[in-house]
Amino acid sequence: MPFPVHRPRRMRFSENFRRMVRETRLSVDNLIYPMFVVPGQEIRRPIQSMPGIDQFSIDLLLEELQEVQDLKIPGILLFGLPEKKDDFGTEAYDSEGIIQRAVRAVKGRFSDLLVITDICMCEYTSHGHCGIIKNGQVDNDRTLDFLAQIAVSHVDAGADMVAPSDMMDGRISAIRKALDDKGHTQIPIMSYAAKYASSFYGPFRDAAESAPQFGDRRAYQMDMANAEEALRECALDLEEGADIIMVKPGLSYLDIIYRVKTTFCAPVAAYNVSGEYSMIKAAAQNGWIDGTKTMMEALTSLKRAGADIILTYFAKEAALVLRQAMLA
Ligand code: PBG
């Protein structure tokens, strides 16, 4: 007969009590800010479907990064839009490609900022798929060599970590081996290990101009209904040498984050993807929700579920809120 002896509300009566017993604390240390870089100069182009997020040319990216650094965000994830696309995604592994140039410029100016690069082909291929096409299908094994080359070229340019998002089988081994062969044994791999075929990527495909030109990605990204498969994917990637395993998207997959975190002793990342960002932004712009509070609730839920690292377009806004809370 717990009541009236036990009254959980006692610990909720004042902010100081709530603060004292709070179990989950989001920190700026957990955040990674994804950014889009485009060729050209003096370009800061707003992405219609992602209010507050822009594509930057390298010069203006550097200006923006001053702010990111001042907010103490530890790292960024870079996505590139190439000058031109072709069947083999040539610019993805060109030492003068958009990402390679951007990484050199960023590391030249902000040597401590962690620069993480997305390893995938979809932004660079004319067909928009994440690999090389043969007979109308993405050819897994042929794609591995390309992914390894992309990773090496990013690290040669100065990237601190690579994040393969293509979902080919065996890519972590292939990338690990290629990096090691080049002497990059210290560079970690953050694997998009459990990446689902998701409609929540819609706004990103505008931002990165990477929508598939035929078919969809269900033959390589995971079926949204599967959870055990996510654990198998993570186990394989860890065996192949992944240093961080990621679950993506985040908010509809909190159960997966929890299971991955409780199953493996490894750092877990969650990607709070474009659609999750844009839905909150759109509702807030309509006055239907409080955007800032909803953002903090969403990010805290990812951490509570077990994410050590959160990739989010909210990184700057959240860092500002967290800093204000510290000063208050
Ligand atoms: C590239 C990639 C995608 C995202 C990250 N890397 C898109 C996709 O797989 O279609 C999505 C990120 C987001 O929605 O914020 N493969």
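For ligands, and for the atoms within them, numbers begin at 1 and follow the listed sequence. No hydrogens, no waters, no symmetry mates; every other heavy atom, side chains included, goes into these values. Note that the numbering runs from 1 along the sequence shown for the chain.
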Heavy atoms of S278 and M50 approach each other most closely as OG-CG, 3.7 Å
If you measure from atom 16 (N) of ligand 1 to every heavy atom of K195, R217, K248, which option wins on shortest distance? K195
Judged on heavy-atom distance to atom 1 (C) of ligand 1, which of G250, S165, P34, P212 sits nearest? S165
Under 30°, 30 to 60°, or over 60°: which ring-plane class applies to Y277 and F314, parallel, tilted or perpendicular? tilted
In terms of relative ring orientation, are Y271 and Y192 parallel, tilted or perpendicular, with 30° and 60° separating the classes? tilted
Please indicate whether any nitrogen or oxygen in E123 is less than 3.5 Å from any nitrogen or oxygen in ligand 1. no
Q221 N/O to ligand 1 N/O under 3.5 Å: yes
Lys/Arg cation over aromatic Y201: K248, 6.0 Å, 45° cone: yes
Which of the ligand 1 atoms, numbered from 1, are nearer than 4.0 Å to a heavy atom of [X]:
X: D118; value: 6 (N)
X: C122; value: 1 (C), 16 (N)
X: Y313; value: 12 (C), 13 (C), 15 (O)

What part of Y277, side chain from CB on, backbone N/CA/C/O, both or neither, has a heavy atom under 4.0 Å from ligand 1? neither
Quick one: look at S274 and ligand 1, take heavy-atom pairs under 4.0 Å, and tell me if it's side chain, backbone, both or neither. both
Would you say E276 contacts ligand 1, with heavy atoms under 4.0 Å as the rule? no
Can you pull out every salt bridge (Lys or Arg N to Asp or Glu O under 4.0 Å) where at least one residue sits in residues 254-275? Sequence neighbours excluded, please. K261-D308
Output field: ring centroids F214/H129 closer than 6.0 Å: yes
Quick check: F88 with Y93 (ring centres under 6.0 Å apart)? no
